[in-house]
> 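Got a structure for you, questions after.
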2 protein chains.
Amino acid sequence: MSEMLPGTRIQRKNRRIILRAALEVFSRHGFRGSTVDQIAAEAGLSKPNVLYYFDSKEAIHETLLTDLLGTWIAPLREIDPAGDPQEEILAYVRRKVQMSRDFPCESRLFANEILQGAPRIEGFIRGELKTLVDEKARLIRAWAASGRINDLDPYHLIFSIWALTQHYADFDAQIRMLRDDDSEPLDGAEAHLLMLFRRLLAP
Amino acid sequence: MSEMLPGTRIQRKNRRIILRAALEVFSRHGFRGSTVDQIAAEAGLSKPNVLYYFDSKEAIHETLLTDLLGTWIAPLREIDPAGDPQEEILAYVRRKVQMSRDFPCESRLFANEILQGAPRIEGFIRGELKTLVDEKARLIRAWAASGRINDLDPYHLIFSIWALTQHYADFDAQIRMLRDDDSEPLDGAEAHLLMLFRRLLAP
DNA sequence: GTCTATAGTCTGATAGAC
DNA sequence: GTCTATCAGACTATAGAC
């Protein structure tokens with residue numbers, strides 16, 4: 001958590017500026033495709049100054065990824081076993097749509113990482129994420145067994161939610177080029193996705 | 001089309017080997033993140049030899065992208081206005097699943113390009129692809145108006161098909177890490193996706 | 001056609017003045 | 001803390017021997 005690191009107020013502020021700039025750059029070009037120069041320009045600082053606040057380009061990237069993972073996993077964790085099955089899953093879809101709206105760069109940073117084979121977050125995926133996904137998959141299976149939602153493979157259901165919601169952040173460039181109006185694609189998408197999952201989940 | 005370029009049999013063969021290797025490398029690390037050294041190693045050739053067959057790293061990447069776009073657009077083009085609406089769309093989903101199965105690297109190459117803002121294929125997307133998508137969107141709207149399928153936004157329907165099918169190629173690394181068995185994720189996915197779209201399209 | 005050697009450029013990181 | 005200057009290594013691309 002970069003907010004809790006020691007340092008003066010100006011130090012913490014500059015670290016935040018650099019992280020924000022680096023997120024913009026890394027999310028577009030990936031780790032290898034990004035340069036410290038680009039990050040510095042985006043942050044409005046000199047290259048040596050960026051490397052004064054972080055030990056290395058790698059350290060900036062690692063900080064971003066680590067900060068991201070907690071945020072990334074939260075919406076799934078919030079699914080409540082005590083709630084109404086259909087409403088809980090639809091609320092999860094809404095939270096994921098909101099994430100694509102509020103954190104498109106974070107979504108692309110994550111996508112870039114997975115596209116590359118997830119070398120830096122393999123531990124997170126096989127550990128924390130897998131434990132949580134397995135737990136929620138058991139919950140969804142139990143809900144299906146009780147007949148309250150359609151009986152479908154819980155893993156493919158979760159993958160479908162990820163695919164559909166993250167697509168609007170990750171493939172944003174393509175979607176905007178294919179649309180005539182300049183309205184936010186996600187506004188129409190939310191209603192579409194909720195309708196889709198309502199139909200899919202109906203017993 | 002690289003197959004139609006002039007040259008001896010061995011020249012065409014080496015060009016194919018290089019393109020195959022470059023596809024593997026570019027699809028994982030993006031253009032900037034890939035090196036000619038990596039491509040040469042993957043192809044089993046020396047670095048200068050690779051640059052004997054292609055003018056530059058950029059030229060290899062451009063050849064790959066150009067070759068890809070035709071393949072990429074074909075499944076959508078095949079949707080037949082004269083066919084049964086639901087069956088035509090489900091057949092399209094099947095073709096897209098097959099693409100993720102047969103051409104996962106091509107899918108990731110495309111994803112990498114879009115993530116970066118689609119700088120190299122903006123013309124293709126705004127031109128050829130948009131024309132085709134608009135045409136098929138009108139067709140789907142007409143089908144919905146006739147009451148033969150559920151009335152939904154045709155653009156979001158198409159985006160949903162892209163998101164769900166390509167996810168299994170692009171996020172393959174994550175999906176495999178989250179599964180216990182070593183069966184092909186796409187085998188179960190195809191049945192799941194067909195069920196999903198059958199429910200979504202039902203009038 | 002394929003190699004070794006290398007030119008020229010870019011990039012990550014550091015030194016040292018202020 | 002921030003800058004200019006710069007080094008060391010990696011990278012694309014080419015020259016030239018064979």
Side-chain angles (χ1 to χ4, degrees), chain A residues 2-3 5-66 109 112-113 116 119-120, chain B residues 2-3 5-66 109 112-113 116 119-120:
Chain A
S2 52
E3 293 82 3
L5 283 172
T8 67
R9 199 177 53 81
I10 195 167
Q11 277 176 333
R12 291 198 302 276
K13 181 190 163 196
N14 272 340
R15 281 181 65 96
R16 266 201 309 278
I17 288 175
I18 292 168
L19 287 174
R20 182 70 233 169
L23 176 62
E24 206 80 37
V25 176
F26 283 138
S27 76
R28 284 291 180 196
H29 307 99
F31 178 72
R32 289 272 332 254
S34 304
T35 69
V36 180
D37 258 326
Q38 285 176 298
I39 296 169
E42 182 78 28
L45 298 170
S46 69
K47 184 163 63 164
N49 207 2
V50 167
L51 290 167
Y52 167 79
Y53 285 101
F54 289 89
D55 285 344
S56 64
K57 171 183 164 182
E58 178 88 40
I60 303 174
H61 192 258
E62 196 184 323
T63 303
L64 283 173
L65 265 188
T66 306
L109 185 73
N112 253 308
E113 211 48 36
Q116 286 164 38
R120 294 170 241 266
Chain B
S2 53
E3 293 80 6
L5 283 172
T8 67
R9 198 178 54 82
I10 196 168
Q11 277 175 334
R12 291 198 302 276
K13 181 190 163 196
N14 272 340
R15 281 180 66 97
R16 266 201 310 277
I17 288 176
I18 291 168
L19 287 174
R20 182 70 234 169
L23 175 62
E24 207 80 36
V25 175
F26 282 137
S27 75
R28 284 291 180 196
H29 307 99
F31 177 73
R32 289 269 337 252
S34 304
T35 69
V36 180
D37 257 328
Q38 286 176 295
I39 296 169
E42 182 79 27
L45 298 170
S46 69
K47 184 162 60 166
N49 207 2
V50 167
L51 291 168
Y52 168 78
Y53 286 101
F54 289 88
D55 285 343
S56 64
K57 172 183 162 182
E58 178 88 43
I60 303 174
H61 191 258
E62 196 184 323
T63 302
L64 281 174
L65 265 188
T66 307
L109 186 72
N112 253 307
E113 210 49 35
Q116 286 164 38
R120 299 176 180 86

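Below, chains carry the letters A, B, ... as their sequence lines are ordered, and counting in each starts from 1. Model, not experiment: these values are computed from the prediction.
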> List the atom pairs, with distances to 0.1 Å, where a side-chain N or O of residues 52-61 of chain B and a protein N or O form a donor-acceptor pair under 3.5 Å, not counting sequence neighbours.
residue, atom, partner, partner atom, Å
Tyr53(B), OH, Asn14(B), ND2, 2.8
Ser56(B), OG, Glu58(B), N, 3.4
Ser56(B), OG, Ala59(B), N, 3.1
Lys57(B), NZ, Phe31(B), O, 3.1
Lys57(B), NZ, Ser34(B), O, 2.6

> Kindly determine whether Arg120(A) and Glu62(A) satisfy salt bridge (Lys or Arg N to Asp or Glu O under 4.0 Å), including the steps that lead there.
CA-CA 8 Å; Arg120(A) 294 170 241 266; Glu62(A) 196 184 323; over 6 Å; no
> Phe54(B) CZ to dT12(D) P: how many Å, rounded?
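About 15 Å, once rounded to whole Å.
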> How does protein contact run along nucleotides 2-18 of chain C, one letter per nucleotide 5' to 3', with B for base contact, S for sugar-phosphate only, - for none, heavy atoms under 4.0 Å?
BBBB-----SBBB----
> Does the pair Arg20(A)/Glu24(A) count as a salt bridge with the N-to-O cut at 4.0 Å?
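Between Glu24(A) and Arg20(A) there is a salt bridge, with a charged N closer than 4.0 Å to a carboxylate O.
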> Rounded to the nearest 0.5 Å, what separation is found between the CZ atom of Arg32(A) and the CG atom of Asn112(A)?
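Nearest 0.5 Å value for the CZ-CG distance: 13.0 Å.
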> Atom NZ of Lys13(A) and atom OG1 of Thr8(A): how far apart are they, to the nearest 0.5 Å?
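Going from the NZ atom of Lys13(A) to the OG1 atom of Thr8(A) covers 11.0 Å.
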